[in-house]
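Below is one structure, written out as structure tokens; comments come after it.
FYI, the numbering just counts along the sequence from 1.
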Amino acid sequence: MTEQRTDKTGAPVSITLDQNRAISAYTVSVDEALAGRADFVDPPQAPGERVFFHTEVDAEFGGRGLAGLLVREALADSIRRNLTVVPVCPLFARHLKEHGEEYEAEGGKFRRPRPADLALVKETVENAGDA
């Protein structure tokens with residue numbers, strides 16, 4: 001999955017789903033340079049859910065609206081895949097707090113994180129560091 005967008009400067013931006021690394025992510029690139037990522041884990045004990053736990057855009061690409069593009073595309077893809085979003089990442093949580101009703105009206109589903117979600121994120125990050 002690769003989606004083409006433009007940032008606040010009008011530069012072409014690509015958002016891609018990357019599930020080939022230890023931690024899966026939606027990545028955002030500007031002129032083929034990786035600019036940021038939204039990390040997630042799909043809980044094996046809860047098929048149909050996606051836990052977003054970290055979003056980051058490199059400082060050199062700051063102020064261009066890339067984090068917002070990344071969040072919106074990850075959420076749109078979650079709707080297309082019929083996934084329930086679990087926003088551990090503060091950026092995703094804030095977006096859904098402000099736009100949750102719109103997201104649900106578009107067919108999206110989300111729920112609050114539970115202790116098991118936080119434990120899964122911790123385990124995933126720790127295991128990725130060992131890889």
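Looking at every heavy atom in both residues, Ala67 comes nearest to Val57 through N-CG2, 3.8 Å. Of all the heavy atoms in Ala128 and Ala22, the pair that sits closest is CB-CB, 3.8 Å. Shown here for Leu66 and Ala35, the closest heavy-atom pair between the two residues is CD1-CB, 3.8 Å. Residues Gly108 and Ile79 share a closest heavy-atom pair of CA-CG1, 3.5 Å.
Contacts of Asp58 classified as salt bridge (Lys or Arg N to Asp or Glu O under 4.0 Å), with partners at least two apart in sequence or in another chain: none. Every side-chain contact (heavy atoms from CB on, under 4.5 Å) that Gln4 has, sequence neighbours left out, goes to Thr2, Ser14. Applying the side-chain hydrogen bond (donor to acceptor under 3.5 Å, both in side chains) test to Lys109 and every residue at least two apart in sequence or in another chain returns Asn82. In terms of the side-chain hydrogen bond (donor to acceptor under 3.5 Å, both in side chains) criterion, Asp31 has no residue partners (sequence neighbours excluded). Residues satisfying the side-chain contact (heavy atoms from CB on, under 4.5 Å) test with Arg111, not counting sequence neighbours, are Glu49, Thr84, Val86, Arg114, Asp117. For Thr9, the side-chain contact (heavy atoms from CB on, under 4.5 Å) test picks out Asp7, Ala11, Arg64, with sequence neighbours left out. With sequence neighbours left out, the side-chain contact (heavy atoms from CB on, under 4.5 Å) criterion links Ala74 to Tyr26, Phe52, Phe92. Applying the salt bridge (Lys or Arg N to Asp or Glu O under 4.0 Å) rule to Arg72 yields no partners; only residues at least two apart in sequence or on another chain are considered.
Here NE2 of His54 is found 9.0 Å from CD1 of Ile23. Values are rounded to the nearest 0.5 Å. Here the CG atom belonging to Leu70 is positioned 8.0 Å from the OG1 atom belonging to Thr27, to the nearest 0.5 angstrom. The CG atom of Leu118 lies 13.0 Å from the CD atom of Glu123; values are rounded to the nearest 0.5 Å. Rounding to the nearest 0.5 angstrom, the gap separating the CD atom in Gln19 from the CG atom in Leu17 is 4.0 Å. Atom CZ in Phe40 sits 8.5 Å away from atom CG in Leu83 (nearest 0.5 Å). Here Asp42 contributes atom CG and Arg50 contributes atom CZ; the two are 4.0 Å apart, rounded to the nearest 0.5 Å.
Within 6.0 Å of atom CD in Glu32, 12 or fewer heavy atoms from other residues, nucleotides or ligands are found, so the atom counts as exposed in its surroundings.
Side-chain contact between Arg37 and Asp39: present, with at least one pair of heavy atoms (C-beta onward) separated by less than 4.5 Å. Looking at Val28 and Phe61, their side chains never come closer than 4.5 Å, going by heavy atoms from C-beta outward. Taking 4.5 Å as the limit, every side-chain heavy atom of Val41 sits out of range of all side-chain heavy atoms of Ser24.
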Side-chain donor-acceptor pairs under 3.5 Å in residues 95-106, sequence neighbours left out?
unit_1, atom_1, unit_2, atom_2, d
His99, ND1, Glu102, OE2, 3.4
Tyr103, OH, Leu75, O, 3.4

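The only option from Pro115, Pro43, Pro113 that meets the side-chain contact (heavy atoms from CB on, under 4.5 Å) definition with Leu120 turns out to be Pro43.
Judged as a salt bridge (charged side-chain N to carboxylate O under 4.0 Å, His left out), the pairs with a partner in residues 17-26 (not counting sequence neighbours) are, in order, Asp18-Arg21.
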